Each structure stands twice: as structure tokens, then as C-alpha cells.
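The next block holds one structure in the form of C-alpha cells; read it before the comments.
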Amino acid sequence: MWEFIKNIFKPSEEIERVIQESFDFAEYQNAILHSWLRTLTILGYTLVPIFFILDIVTIPSENKDLLPRFGIYRLVSTTFIIAQFIIINKTKPSKYSYLHGYFFNFIVSLAIVLMTVDLGGFNSSYYAGLNLVIIAVNILLPWSAVHSLINGTFTLLLYVIANFIFGREYDWRILVNNLYFMSSTVIISSSINHVKYVLIQKDFNSRKSLKAARDALWSEMEVAKQIQTALTPPDKVMGGFEVAAVMIPAESVGGDYYDIIETSSKPWVMIGDVSGHGVESGLIMMMTQTSIRTILTENSAIEPSKLLVQLNKVIKENIALLKVDRYLTATAISIGENELTYAGSHQDLLVYRDKTGEVESFPSYGTWIGVLDDVSEYMQDHKLTLEKGDMVLLFTDGITEIGFSNKDMFGEERLKSAFKKYAKYPLKEALNNIIKEALNFCPQQKDDITLVLFRKIK
Amino acid sequence: MYNKEIHEDGRLKLEIHYQPDKVIVIWLGESKEREPIKFIAPVFEKIYQKDPTNPIILDFTKLDYMNSSTVNPIVKQIEKARQSKRKLEIHYKSNLKWQELSFSALRVFLVPGLIEVKGIA
């Protein structure tokens with residue numbers, strides 16, 4: 001029952017959408033006006049018949065014969081209001097929605113005016129009902145004070161004209177009293193309406209500013225995501241290795257980086273993570289990608305440690321120019337026939353040995369990119385021998401730190417277990433299963449997740 | 001002279017122990033704000049005002065987690081200590097993988113007798 005009542009008062013999804021999303025005040029105002037007209041008509045078709053009880057109780061005994069007529073007035077006006085409620089529900093907000101307010105006002109006022117005429121004109125106390133109508137319509141509806149003034153004045157004139165023409169003898173002091181109260185009600189309700197209307201405008205403008213700020217933030221995140229994902233290379237077979245990768249950017253974009261590069265002398269695989277989040281991290285990631293590819297185009301036979309030393313020079317200068325506090329962890333790997341040469345401080349390299357079915361961890365060495373002017377002292381090359389069927393998994397902390405907010409991270413050990421479990425799968429399938437397992441462990445992804453997997457096939 | 005101060009921001013808590021011969025900054029909880037420098041830098045300014053000379057020990061051994069953005073304010077403090085010739089030690093838990101990865105890389109800032117980075121098992 002309660003749900004039913006709530007649904008009656010609840011505006012349609014379309015109106016709700018316009019109210020939430022519109023950037024145009026007129027459109028927004030029409031939507032809330034249309035929505036609140038529903039409330040007004042519900043009040044109308046509830047209260048107009050209920051007031052018949054007042055008719056029964058208060059009508060003088062000599063006028064008891066008027067009760068059926070009053071009943072008809074109330075029935076007709078209630079029928080019109082119900083029809084209006086249905087029309088409002090079936091139609092969309094428009095610039096003409098305000099006419100419903102005028103029509104409602106006219107129908108209910110007319111019924112009351114007719115009752116005052118029947119009860120003796122200006123001397124009847126039923127004029128008080130008109131004050132209620134003026135207040136209900138003009139305070140409830142979110143329209144400008146001009147509408148309130150016109151509507152209220154119209155009700156007042158309808159009352160005066162009808163009772164002058166059809167009413168009976170009256171006491172002019174009662175007329176002055178009634179007009180005094182009705183005029184005051186029109187003025188007060190128009191004033192309150194004006195204040196409310198200004199508040200609605202202010203509220204709309206605040207929401208508009210908030211929405212603009214929110215949209216700007218989202219578009220910044222979208223740009224960052226575009227930057228991050230636009231340059232990711234396709235999976236490929238290079239030399240004696242097949243390589244595949246998966247990158248899933250987080251909501252706030254964490255600056256993960258990877259690349260798979262085929263050069264004239266040897267294939268390269270890179271992985272890294274820029275500190276911080278957002279567009280700045282994305283830009284640094286993009287600079288890193290461009291710098292590395294440029295350096296390798298010039299000299300693809302370069303050692304990984306020297307590649308990172310050169311990269312550091314470029315990135316350190318650019319970070320200084322950007323005036324941001326960022327650095328980059330990165331491991332550069334050049335792939336030889338039976339061995340990898342790697343350098344740079346990032347996460348461990350996980351190696352699956354096909355012969356034993358075990359996964360080994362190899363720490364990465366070196367330091368971050370972009371912190372010191374010269375990192376040549378800290379970058380050294382390390383070798384790793386691979387046999388046919390062996391695989392190497394590179395990752396960023398986005399996967400191992402899944403679940404940190406629940407005090408239990410997925411961690412490197414679980415990653416190694418998952419790697420071992422799916423090592424025999426095709427590369428892409430293995431990567432997707434590893435990520436699925438991590439997200440099953442904790443479904444909240446707080447950081448970018450990047451995995452690069454390669455297998456020696458010859 | 002001994003007194004203790006506690007500064008908190010979200011889940012990160014910094015306990016500052018002012019001792020007669022050193023200042024110990026114990027990092028507790030998790031640092032995962034996007035710009036943790038906004039909280040950390042003023043805390044260190046206050047430390048420099050209260051005790052401008054004694055060695056500072058940054059103790060991360062009880063820290064549960066920090067994101068990559070937290071490294072920047074730490075590097076800033078190392079640079080500041082180096083410039084002002086103030087002794088600074090970093091203590092971290094070497095058997096915690098993420099701490100080893102983050103803090104061992106800070107060894108590039110080592111200046112014997114001035115800037116030390118110590119992994120504690």
C-alpha cells in the first residue's frame with residue numbers, strides 16, 4: 001500500500017532524468033512544475049470531495065436543499081481534476097505545463113465561487129476556501145511570482161464578478177473584509193512564491209556548477225584513460241617468443257605502462273608504473289613510451305641499463321618542466337635467443353619453468369626514473385636463461401595490492417599460484433584467468449592492473 | 001625533553017616522538033590519498049620548527065600500506081635533510097615485499113653519516 005502511495009507521488013523517470021541532468025533552467029523548471037502539478041492535483045481530488053463533510057456540518061438548515069448541488073459542484077470539479085492528473089501523467093513537461101496550474105485554479109475556484117453565490121454572495125464565509133486555493137496553487141507551483149499574481153487576481157475577480165452579478169444583498173463591510181483578506185493572501189502567496197522561485201534558481205545554478213565540475217573531472221579521467229590505453233601494442237610473436245598483455249585502467253587511472261617492441265636487432269618488453277594518478281601520470285607514461293621507442297629506433301642493440309639511463313635524463317627534465325612530483329618504476333627487458341637481459345627497479349619477474357612446473361621470482365634491481373639527474377650508478381644489467389616452454393610474467397602492483405583495504409592483499413604468492421595454475425593455457429586466456437582470480441579474491445579494483453606474459457616457443 | 005604528537009589524516013597516522021637527542025616519526029596505518037603531501041608537508045614543517053637540529057628517524061616498519069604518491073613527500077624530506085645537513089634515517093621492514101620494493105629504491109639518496117636507509121627484518 002505504502003509502495004503504491006509512493007509511486008503515485010513519484011515523478012516519471014523521464015521527468016526525474018530532466019530534473020537531474022538538465023543544463024537549461026526553463027527545461028528544468030518545466031520538469032519540476034509538471035512533477036509538482038501531480039502533487040497539486042492529488043491534493044485537489046482528495047480535498048475537494050472531503051470538504052463536502054464541511055458542507056454537511058456547516059450549511060444552515062434553511063439551505064440544506066443546496067447540499068445535492070454542492071455535491072455536484074464537487075463531483076464535477078473532482079472529475080476534471082482527476083482527468084487533469086491523468087493528462088499530466090501521460091504527457092511530458094513542456095512550456096505549456098503552467099496552463100495546468102491556471103486550469104486547476106479555475107476549476108476549484110469556480111466551484112467555490114458558485115457555492116458562495118448559492119449561499120448568499122459576499123456575506124457567505126465560504127470565500128475562505130478561495131484563500132486556500134490561492135495559497136495551494138501559488139505556493140506549491142514552482143513558477144514566477146507573475147503567474148501567482150495573475151492567478152490570484154483572477155480568482156479574486158471571479159469571486160467579485162460572479163457575486164456582483166448573481167449574488168444577493170450584502171453588507172459592504174463584509175465585502176471589504178473579504179476583499180482585504182483575499183488581496184492579502186494573493187500578495188503574501190506571490191511574495192513567498194517569489195522567494196521560493198529565487199531559491200529554486202539558485203539551487204539550479206549550484207547544481208549546474210557542480211555538474212559541470214563533475215563532468216570536467218570525468219572528462220579528465222577519460223582523457224587519461226585514452227592516453228593510457230591508446231598506445232598499448234597488440235599481442236605478437238617476436239623471435240622465438242609469443243607475447244600477450246592485458247591492461248585494465250582503474251577509475252582514476254594509475255599510470256601503468258607496458259610496451260612490446262620489435263626492433264631490427266632484438267625484441268624488447270617494457271613494464272612500468274608512474275607514481276600518482278590522473279592526466280599527469282598518463283602524460284608521463286606517454287613520454288616514457290615515446291622516449292623508449294625513439295631511443296630504440298636509434299640504437300636497438302643498446303643494453304637495458306643504458307636505455308633506462310637515457311630515459312631517465314629525458315623524463316627527469318620533463319618532470320621538472322611540468323612542475324609535478326612524479327617518478328616512474330620501470331623494468332626494460334631485451335629478449336635474446338635463450339636469455340633475457342633486464343634492468344630497472346619495478347616488481348619481481350615471475351618465471352614459470354616448463355620442466356619443473358614451478359614458478360620462480362627474480363627481483364628487479366636499480367632505481368626509479370625521474371628522481372635523480374643521473375642514475376647510471378644504480379642501473380645494472382641482469383641475465384635470465386630461458387628454455388622452450390618457459391614463461392615470464394610481468395606485473396604492476398595493481399594486481400598484487402588488490403584487497404589491501406581489506407587488510408589482506410592478493411600478493412605475490414597468490415599471483416605465483418595463479419600463474420602456475422594457468423601456465424599451460426593460451427597466453428591471453430591465462431592472463432584473463434589470473435585477473436579473474438585476483439578479482440574474485442577482492443572485486444574492488446583500486447589501481448591499474450597490467451600483466452605482460454611471454455612464452456619461449458622455439 | 002620528551003613529548004609526543006599524533007597527526008592523523010584518513011587512515012594514515014603519524015606519531016612524532018620528540019626525544020632529547022632525536023625525533024622519531026612513526027608511520028602507522030595506510031597512506032592512500034591522491035595528494036598525501038598536503039597532509040605530510042605541514043607535519044614536517046612543524047617538526048622543523050619545534051626541533052630544527054636533532055636527527056630524524058622515519059620509521060615505516062608499522063605502516064600497512066602506502067601508495068606511490070606517498071613516495072614524493074618522503075623524497076622531499078630526504079632532500080630537505082640533505083640540504084640542511086640534518087641526519088635522517090629511514091627504517092623499513094625488509095621482509096615485507098612492498099616495503100622492500102619502495103624503500104630499497106631510496107638507497108640512491110644515501111649519504112654516509114647523513115642519510116641512511118635501513119631494512120629491518
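Please read these numbers as outputs of a predicted model, since none were measured by experiment. The analysis underlying the following values was restricted to heavy atoms, covering all of them including side chains, and did not include hydrogens, waters or symmetry mates. Convention: sequence-line order gives letters A, B, ...; per-chain numbering from 1.
Of all residues in residues 74-95 of chain B, those placing a non-hydrogen atom less than 4.5 angstrom from a non-hydrogen atom of chain A are Val75(B), Lys76(B).
Heavy atoms only, all atoms of each residue included: Tyr327(A) and Val71(B) are closest at OH-CG2, 3.1 Å. Taking both residues in full, the closest heavy atoms of Leu101(B) and Gln347(A) are given as CD1-OE1, 3.0 Å, listed atom of the first, atom of the second, then distance. Residue Ser102(B) comes nearest to Trp368(A) through the heavy atom pair O-CZ2, 2.9 Å, listed as atom of the first residue, atom of the second, then distance.
The distance from atom CD of Glu401(A) to atom OH of Tyr65(B), rounded to the nearest 0.5 Å, is 4.0 Å. Between the CZ atom of Arg107(B) and the OG atom of Ser345(A) there is a distance of 11.5 Å, given to the nearest 0.5 Å. To the nearest 0.5 Å, atoms OG (Ser104(B)) and OH (Tyr365(A)) are separated by 10.5 Å. Summarising the geometry, atom CD belonging to Glu100(B) is positioned 10.0 Å from atom CG belonging to Asp348(A); distances are rounded to the nearest 0.5 Å.
Distance alone, capped at 3.5 Å, is enough to place a donor-acceptor pair between the Asn72(B) side chain and the Asp325(A) backbone.
Under the ring pair (Phe, Tyr, Trp, His ring centres under 6.0 Å) criterion, Tyr257(A) pairs with no residue at all, not counting sequence neighbours.
Contact of Glu377(A) with chain B is not made at all, since no heavy-atom distance falls under 4.5 Å.
In this structure, Asp397(A) and Trp98(B) have side chains that are not in contact, with every pair of non-hydrogen atoms separated by 4.5 Å or more.
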Before you tell me yes or no, could you show the steps for Val371(A) and Phe109(B) under side-chain contact (heavy atoms from CB on, under 4.5 Å), namely the whole-Å CA-CA distance, both residues' side-chain angles and the distance that decides it to 0.1 Å?
CA-CA 10 Å; Val371(A) 173; Phe109(B) 295 103; 2.9 Å; yes

